[in-house]
Amino acid sequence: MTKGALALLIHGGTENWSPERWKARFDQVCPDRAVHLLPNARFDPAEVHFAAVWKPAPGELAAFANLKVIFNLGAGVDALMADNTLPEVPLVRVAVSDLTLRMSEYVVLHVLMHHRQELYLRDSQRAKRWAPKVQWPAAAISVGIMGLGTLGTNAAHILRRIGFRVAGWGRSTRRIDGIDCFAGRSELDAFLRRTDILVCLLPLTPDTRAILNRELFAKLNRKSPLGAPVVINAGRGGLQNEADILACLDDGTLGGASLDVFVQEPLPAASPFWTHPRVVLTPHNAADTDADEISEYVAQQIARFEQGGALDNVVDRKRGY
Ligand code: NDP
Ligand code: OXD
């Protein structure tokens, strides 16, 4: 019997989202299945049972009448949730250790960068200035992670091992050894009050849009050795009010920011973030989805699903993540 075809719709536009690379990988891991790379492949849309996608255009997936599962090739599904023609089939997201470890690398790198005063030290090097400032230990710093899910929890454990005091905030109540857990809007202020370095790993949903704003930054701890609180956002650009971040950096409400994601990506050349002295900017590559790892993950799930098995990491469409 012919197996249902897999359609690939990949619109990232950067090297790690090269559609041809993904197509070559899926051809390897699905050798007995037709893999069609859109938009150029010619095929009957009715043969498509599975779609693997990154930022498909709204309406693109509605063309497949016999679709059974959509695999989002990243962890965040906000782009798909914005498509009101999205077929009512299970939507699977990426939650695998490869991606989780990559994100923990990013979080640890950026927490340490601010904690160890790297912006000041690089500036000193350029100025040939031998003038170290007092350095405090990790235990003097409280890191607060917004989003205690797959990515946030792993980063929290590693930061704890390094010696930071770590807290996390999510929607539902959790207990995690060594991490102070807060939940819901009623506990948000208490979480912020004790936070020196705020790390955001929330999904973008109607509840979280623009949550990183002046009102929130003003509630962070102002009495840490850092002098002023720092924000690190690797969740989504839509979580942040960018005008507020810039104004808060300029008036001292924030002491620094590491930003991997932006409201508009690619970030326009005219954005003040590119040249701001207290911003460390990366081009949405905190945690790349690896084509080798994730094509395997999708192929294994398809094989199991066709044998009647359950899918892993299915998105709850009501919650939006
Ligand atoms: P998860 O779904 O595992 O975790 C999401 C966390 O956010 C959960 O703890 C959840 O709470 C919490 N949350 C959701 N909504 C709210 C809310 N309204 N209030 C409080 N907490 C809330 O996601 P992942 O950890 O896998 O990924 C998180 C995000 O990281 C992705 O959605 C994506 O946007 C981003 N990402 C960015 C990448 C990059 O390269 N920059 C790469 C990969 C992901 P609860 O535990 O109660 O459900
Ligand atoms: C993701 C991402 O969601 O790359 O995985 O941002």
Side-chain angles (χ1 to χ4, degrees), residues 10-17 22 52-55 71-82 91-107 109-110 144-157 167-176 179 181-192 198-212 216 232-240 258-263 265-267 281-291 293-294 297-298 312-321:
I10 297 169
H11 297 320
T14 50
E15 195 181 27
N16 57 321
W17 288 113
W22 282 89
V53 307
W54 183 243
K55 295 189 181 162
F71 294 92
N72 183 51
L73 294 174
V77 293
D78 44 290
L80 290 167
M81 292 291 102
L91 167 60
V92 171
R93 72 187 195 95
V94 171
V96 296
S97 66
D98 178 80
L99 189 81
T100 302
L101 293 173
R102 287 164 187 257
M103 183 56 88
S104 290
E105 287 175 16
Y106 170 90
V107 172
L109 173 70
H110 287 263
I145 303 186
M146 296 180 88
L148 261 191
T150 309
L151 304 180
T153 303
N154 194 63
H157 284 304
W169 179 73
R171 222 166 59 114
S172 51
T173 307
R174 286 178 181 237
R175 288 172 74 104
I176 306 176
I179 314 296
C181 297
F182 297 79
R185 292 282 171 166
S186 62
E187 295 182 11
L188 181 57
D189 284 7
F191 162 81
L192 295 170
L198 182 70
V199 176
C200 183
L201 289 174
L202 286 168
L204 179 60
T205 69
D207 279 350
T208 61
R209 184 170 291 280
I211 191 168
L212 299 176
L216 180 140
I232 298 174
N233 183 16
R236 281 288 181 269
L239 295 163
Q240 68 204 12
S258 285
L259 303 175
D260 183 58
V261 286
F262 297 89
V263 171
E265 294 180 6
L267 186 66
L281 179 162
T282 46
H284 197 144
N285 78 333
D288 269 1
T289 309
D290 181 66
E293 286 284 329
I294 305 310
Y297 165 80
V298 171
D312 290 334
N313 304 314
V314 176
V315 170
D316 177 337
R317 293 213 194 183
K318 274 211 200 74
R319 289 186 328 189
Y321 68 97

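Here the structure is a predicted model, which is why all the values come from computation and not from measurement. When a ligand or atom number is given, it counts from 1 through the structure's own listing order.
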Are there any protein N or O atoms under 3.5 Å from the N or O atoms of ligand 1? List them with distances, or say none.
{"from": "ligand 1", "atom 1": "3 (O)", "to": "Arg93", "atom 2": "NH2", "distance (Å)": "3.0"}
{"from": "ligand 1", "atom 1": "3 (O)", "to": "Thr150", "atom 2": "N", "distance (Å)": "2.9"}
{"from": "ligand 1", "atom 1": "3 (O)", "to": "Thr150", "atom 2": "OG1", "distance (Å)": "3.0"}
{"from": "ligand 1", "atom 1": "9 (O)", "to": "Leu148", "atom 2": "N", "distance (Å)": "2.9"}
{"from": "ligand 1", "atom 1": "9 (O)", "to": "Leu148", "atom 2": "O", "distance (Å)": "3.4"}
{"from": "ligand 1", "atom 1": "9 (O)", "to": "Gly149", "atom 2": "N", "distance (Å)": "3.1"}
{"from": "ligand 1", "atom 1": "11 (O)", "to": "Arg171", "atom 2": "N", "distance (Å)": "3.1"}
{"from": "ligand 1", "atom 1": "21 (N)", "to": "Arg171", "atom 2": "N", "distance (Å)": "3.0"}
{"from": "ligand 1", "atom 1": "25 (O)", "to": "Thr150", "atom 2": "N", "distance (Å)": "3.3"}
{"from": "ligand 1", "atom 1": "25 (O)", "to": "Leu151", "atom 2": "N", "distance (Å)": "2.9"}
{"from": "ligand 1", "atom 1": "26 (O)", "to": "Arg93", "atom 2": "NH1", "distance (Å)": "2.9"}
{"from": "ligand 1", "atom 1": "26 (O)", "to": "Arg93", "atom 2": "NH2", "distance (Å)": "3.2"}
{"from": "ligand 1", "atom 1": "34 (O)", "to": "Gly235", "atom 2": "O", "distance (Å)": "3.3"}
{"from": "ligand 1", "atom 1": "34 (O)", "to": "Arg236", "atom 2": "NH1", "distance (Å)": "3.3"}
{"from": "ligand 1", "atom 1": "40 (O)", "to": "Ala287", "atom 2": "N", "distance (Å)": "3.1"}
{"from": "ligand 1", "atom 1": "40 (O)", "to": "Ala287", "atom 2": "O", "distance (Å)": "3.4"}
{"from": "ligand 1", "atom 1": "41 (N)", "to": "Ala234", "atom 2": "O", "distance (Å)": "3.0"}
{"from": "ligand 1", "atom 1": "41 (N)", "to": "Asp260", "atom 2": "OD2", "distance (Å)": "2.8"}
{"from": "ligand 1", "atom 1": "46 (O)", "to": "Arg174", "atom 2": "NE", "distance (Å)": "3.2"}
{"from": "ligand 1", "atom 1": "46 (O)", "to": "Arg174", "atom 2": "NH2", "distance (Å)": "2.9"}
{"from": "ligand 1", "atom 1": "47 (O)", "to": "Arg171", "atom 2": "N", "distance (Å)": "3.2"}
{"from": "ligand 1", "atom 1": "47 (O)", "to": "Ser172", "atom 2": "N", "distance (Å)": "2.6"}
{"from": "ligand 1", "atom 1": "47 (O)", "to": "Ser172", "atom 2": "OG", "distance (Å)": "2.5"}
{"from": "ligand 1", "atom 1": "48 (O)", "to": "Tyr321", "atom 2": "OH", "distance (Å)": "2.6"}

Next on the checklist: Using modelled atom types and a 3.5 Å cut-off, is there a donor and acceptor pairing between side-chain atoms of Thr289 and backbone atoms of Leu73?
Outcome noted: yes

Item to check | Test item: Ile145 and Ile179 side chains (from C-beta on) under 4.5 Å apart, heavy atoms | outcome: no

Checklist entry - If you look at every heavy atom in Ala167 and Phe182, which pair is closest and at what distance? => result CB-CE1, 3.9 Å

Next on the checklist: Out of the candidates Leu216, Thr208, Leu239, only one should pair with Met146 under the side chain to side chain contact (heavy atoms under 4.5 Å, CB included) rule; please name it.
Outcome noted: Leu216

Item to check | Salt bridge present between Arg171 and Asp207 (N-O < 4.0 angstrom) | outcome: no

Next on the checklist: Please check this pair: side chain of Asn72 against backbone of Val92, looking for a donor-acceptor N/O pair closer than 3.5 Å.
Outcome noted: no

Item to check | Residue part near ligand 2, for Trp54, under 4.0 Å between non-hydrogen atoms | outcome: side chain

Next on the checklist: Which of the numbered atoms in ligand 2 are under 4.0 angstrom from any heavy atom belonging to Ala75?
Outcome noted: 1 (C), 3 (O), 5 (O)

Next on the checklist: Test your reading of the structure: does Leu99 have an N or O sitting under 3.5 Å from an N or O of ligand 2?
Outcome noted: no

Item to check | Heavy-atom pair of closest approach, residues Cys181 and Arg174 | outcome: CB-O, 3.2 Å

Checklist entry - Taking the minimum heavy-atom distance to atom 3 (O) of ligand 2, which of Arg236, His284, Arg93 ranks first? => result Arg236

Item to check | Contact (N/O only, under 3.5 Å) between Gly74 and ligand 2 | outcome: no

Next on the checklist: Between Asp288 and Asp290 (side chain of the first, backbone of the second, donor and acceptor by atom type, cut-off under 3.5 Å), is there such a pair?
Outcome noted: no

Item to check | Atoms of ligand 2 close to Gly76 [distance to a heavy atom under 4.0 angstrom, numbered from 1] | outcome: 1 (C), 3 (O)

Checklist entry - So, for Asp312 and Tyr297, which heavy atoms are closest and what is the spacing to 0.1 Å? => result O-OH, 4.1 Å

